[in-house]
2 protein chains.
Amino acid sequence: METITIKDIARALNLSTSTVSRALRNSYEINNETKKLVLEYAEKMNYRPNPIALSLRDSKSKSIGVIIPEIANNFFSQLINGIESIAYNMGYHVVIFQSHESYEREVANTNYLVSRKVDGLLVSLSSLTTDLTHFEELLEKGMPIVFIDRVPKNIDTHKIVVDNFFGSYQATEHLIKTGRKKIAHLTSPFYLSITMERLDGYRQALEDNGIPFDESYVKYCHHGGMMTSENETAVQELLDMPEPPDAIFTASDRLTTSCLSVLHQKHIRIPEEIAVVGFTNTGIADLLNPPLTAVVQPALDMGHQATELLIRLIEHPKKPTVFETRSLKTSLIIRESTASKTVDV
Amino acid sequence: METITIKDIARALNLSTSTVSRALRNSYEINNETKKLVLEYAEKMNYRPNPIALSLRDSKSKSIGVIIPEIANNFFSQLINGIESIAYNMGYHVVIFQSHESYEREVANTNYLVSRKVDGLLVSLSSLTTDLTHFEELLEKGMPIVFIDRVPKNIDTHKIVVDNFFGSYQATEHLIKTGRKKIAHLTSPFYLSITMERLDGYRQALEDNGIPFDESYVKYCHHGGMMTSENETAVQELLDMPEPPDAIFTASDRLTTSCLSVLHQKHIRIPEEIAVVGFTNTGIADLLNPPLTAVVQPALDMGHQATELLIRLIEHPKKPTVFETRSLKTSLIIRESTASKTVDV
DNA sequence: GACATTTCTGGTAACGTTCCCGAGAACGAT
DNA sequence: ATCGTTCTCGGGAACGTTACCAGAAATGTC
């Protein structure tokens, strides 16, 4: 276990480090007997190549960096599981960093990961990131990056997203079909790609069903849901309107829980007074009170696909002629929080 | 941004690398003007020392490895946040690995982290780990390790745990005081330290209140809650008993949700028919149906303290005369899932 | 003015690995 | 016997950094 090196093997076997190195890599130009000797000794002494030395030499590390807003969120932890399973099989290690929705920490993490010579980056943007130069410069320099879920519009690289428009349209339409007409939308900062797409789906569903879009029913939470007080204020404002909504459609996990929390405090009955449907990947949506109708994102699969694309980029550095943006479908799981007011299905 | 090195600076300023290196570290033996020259040029060119080279040279990395069962669990993700906040302030980076409750992956992660030259390890044992030689050998070699929550009995190093006996006693006593007499306990594999301690607290509370301990009310889930089917079978067995319990005390997050899930499926009313209290750190316990009485662990603080101890170990390699085992208190948050049967408080 | 001391800087090895270059031995071909 | 191949191996440099050793110049001391 004493971290034996190639030099130690060379000394012990009275060979040169070059020979040992080549024997270890099974080079054709090494005598079979020598090879066998080295291999057996290495095995016996439990030789493991020093990844640091390799990184220094080759400027790469067989590892990929992941930068996400937070891990204490089921969507992201499932995403990580998807990433890890593929990376693991392909011989890559995964280094995880949280931006905590902070631009500064996103930049700091990016720089560190780069100095640590990760071979590629998987990133989901912080909700406070508007300046993207740190990623643009990296792409210029040839660092492979794949964006997931929260992706930048103006950067050309692979992206894995969900069809937010569709998911949002479906959720809104479901609310309408179950009898709601005054549907509010609680969402993230407007400059995030996902915010706009979800808003568009929401708006389109309303219009397709003859309900005029009303901007005052849309609340943006600028801290991306990280600041509970802000979320709760937004819900409160909705309730205080002259015509309070009869349904709330929330665009993220934390927004959803904040919303439920306020409605409970106010003893507002769900779904009788206000129906709720939200984007969320929590595993216990059906244990909530009431069980929550949810737009679920295929987080695991998103992790898989993003990692596959990234590793392909890493291992085939010739620039692909065109970058993909894969859009996966969300699924709407209908539960009691949106049960019909009138008796129909 | 093109990763400038000390050599580049030396060449540009017509100095030697030694001089530049020393100027950068503000060595006393370098002329102030030279120092200023170097510092300014380094700043201008955005010089950043290459951490890989430093790691190779010094066999350390200013980073600490974290090995936990899974991140998709609020206790552990809060723990990580606690770890990160301290580590970040002390200039350390955090590398997270999941064992997924698998012994093999725990060992593999450990080895990798060691080869990556992390300066220390923070570990919460996989529920399937019984052989601890991989950690023992490391400690022998002087690697600082601090265990958290799921700790080994026979290894002598710093440990951060919660007072499982107390938490368990408190929860059980609460069930008794609210009128339950047939209290079941759903728990993790018996060889984990936390399992035994929680069982002891449960048993002691029963005995102190004149309720005989009945082994058939205790169910061990050998996969640590990772296998939902196993958990659900266990609950089912409890329900099928000639004298089914009127309360279930669950020892972990996943066990708790599995339990609630089965009770819901069977349309068993909580708390009227069966009360439920569980160890959990989920942020949405009060949004559950019914709101869940919970034993909450001070995950963030555990992360803080463990990291402080670890960094102290790293930076003061002289062996401490005695290792600490800090035991933090859990808190019992009472909600409706254990509301009294009779009207009293 | 001779010598000791301080101040400043350069060269080099080392961390572990791989790759390029070269070179000796054995071999067959001419 | 000489030459070109093939097989097998060793030497050295390089990745970026710091520490040790040394040495030149400047200053101080008597």
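Within every chain, numbering begins at 1; the chains are lettered A, B, ... in the order of the sequence lines, protein sequences first and strands thereafter. Owing to the predicted nature of the structure, the values given are computational and were not obtained by experimental measurement.
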Undergrad: N31(B) side chain: which of dT17(D), dT9(C), dT8(D) is closest?
TA: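 Closest of the options to the side chain of N31(B): dT9(C).
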Undergrad: What is the separation between atom CZ on R57(A) and atom P on dC15(D), rounded to the nearest whole Å?
TA: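 About 10 Å, once rounded to whole Å.
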Undergrad: Reading DNA chain C from 5' onward, which residue's closest nucleotide shows up sooner: S18(B) or L56(A)?
TA: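 Between the two, 5'-proximity favours S18(B).
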Undergrad: Using a heavy-atom cut-off of 4.0 Å across all strands, would you classify R22(B) as base, sugar-phosphate, or nothing?
TA: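 It contacts base atoms.
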Undergrad: Side-chain donor-acceptor pair under 3.5 Å between T325(B) and H158(B), yes or no?
TA: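 Note: T325(B) and H158(B) side chains miss the donor-acceptor criterion.
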Undergrad: Under 4.0 Å, counting only non-hydrogen atoms across every strand here, what does S59(B) touch: a base, just sugar-phosphate, or nothing?
TA: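 Touches nothing.
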Undergrad: Where the side chain of T34(B) is defined as all heavy atoms beyond and including C-beta, which of dT17(C), dT17(D), dT9(C) is the nearest nucleotide?
TA: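 Closest of the options to the side chain of T34(B): dT9(C).
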Undergrad: In this structure, how many angstroms lie between the P atom of dC9(D) and the CG atom of L24(A), rounded?
TA: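 Atom CG in L24(A) sits about 14 Å away from atom P in dC9(D).
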Undergrad: Looking only at side chains, do S18(B) and S21(B) share a donor and an acceptor under 3.5 Å apart?
TA: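 Absent: no donor and acceptor within the cut-off.
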Undergrad: Would you indicate what L15(B) reaches in the nucleic acid, counting non-hydrogen atoms under 4.0 angstrom: base, sugar-phosphate, or nothing?
TA: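 If one applies the 4.0 Å heavy-atom cut-off, L15(B) turns out to touch the sugar-phosphate alone, with no base involved.
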Undergrad: What is the separation between atom CG on N32(B) and atom P on dC8(C), rounded to the nearest whole Å?
TA: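 After rounding, the reported distance stands at 7 Å.
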Undergrad: Return the value, rounded to whole Å, for the distance between atom CD1 of I4(B) and atom P of dT17(D).
TA: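 That distance rounds to 10 Å.
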Undergrad: Distance alone, cut at 3.5 Å: any donor-acceptor contact between the side chains of H100(A) and E106(A)?
TA: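 H100(A) vs E106(A): no donor-acceptor pair found between side chains.
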Undergrad: Flag this pair as yes if the NZ/CZ of K159(A) is under 6.0 angstrom from the six-membered ring centre of F147(A) and inside a 45 degree cone about the axis; otherwise no.
TA: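 Output no; distance or angle outside limits.
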Undergrad: dG11(D) base to S16(A) side chain: any donor-acceptor pair below 3.5 Å?
TA: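 Per atom types, no contact qualifies.
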Undergrad: Which of the following nucleotides, dG12(D), dC9(D), dT17(D), is nearest to the side chain of T17(A)?
TA: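 Of the candidates, dG12(D) comes closest.
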Undergrad: Would you please say whether a donor-acceptor pair under 3.5 Å links the side chains of R48(A) and N50(A)?
TA: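 Checked: R48(A)/N50(A) side chains show no N/O donor-acceptor pair below 3.5 Å.
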Undergrad: Looking at K7(A), does any N or O in its side chain come under 4.0 Å of the phosphate oxygens OP1/OP2 on dA14(C)?
TA: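 No, no such contact exists.
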Undergrad: N50(A) has an atom CG; how far is it from atom C1' of dC15(C), in whole Å?
TA: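 These atoms are roughly 8 Å apart.
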Undergrad: Nearest to the side chain of A53(B), heavy atoms from C-beta on, is which of dG16(D), dG11(C), dT9(C)?
TA: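 When the side chain of A53(B) is considered, dG16(D) is the closest of dG16(D), dG11(C), dT9(C).
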Undergrad: Taking the side chain of T19(B) as heavy atoms from C-beta outward, which of dT17(D), dT17(C), dT9(C) is closest to it?
TA: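 Looking only at side-chain atoms, T19(B) lies closest to dT9(C).
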Undergrad: Whole angstroms only, please: what is the CZ-C1' distance between R11(A) and dG10(D)?
TA: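 Taking atom C1' of dG10(D) as the reference, CZ of R11(A) is at 16 Å.
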Undergrad: Examine the base of dG16(C) for any acceptor or donor lying under 3.5 Å from a partner atom in the side chain of R48(A), and report the outcome as yes or no.
TA: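 Not at all, since no donor on one side and acceptor on the other fall under 3.5 Å apart.
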Undergrad: Rounding to an integer number of Å, can you tell me how far D58(A) CG sits from dA14(D) C1'?
TA: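 Interatomic distance, CG of D58(A) to C1' of dA14(D): 11 Å.
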Undergrad: With respect to the side chain of S21(B), which nucleotide from dT8(D), dT17(D), dT18(D) is positioned closest?
TA: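 Minimum distance to the S21(B) side chain belongs to dT18(D).
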Undergrad: Starting at atom CZ of R25(B), determine the distance to atom P of dC20(D), rounded to an integer number of angstrom.
TA: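 Spelled out: CZ on R25(B) to P on dC20(D) is 13 Å.
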Undergrad: Does the separation of the ring centres of Y112(A) and H93(B) fall below 6.0 angstrom?
TA: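 Ring centroids of Y112(A) and H93(B) are less than 6.0 Å from each other.
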Undergrad: Just compare dG10(C), dT8(D), dT17(D) and give me whichever is closest to any side-chain atom of E29(A).
TA: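 Of the candidates, dT8(D) comes closest.
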Undergrad: Verify the contact: side-chain N or O of Y47(B) to OP1 or OP2 of dT17(D), cut-off strictly under 4.0 Å; return yes or no.
TA: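 Answer is yes, contact under 4.0 Å.
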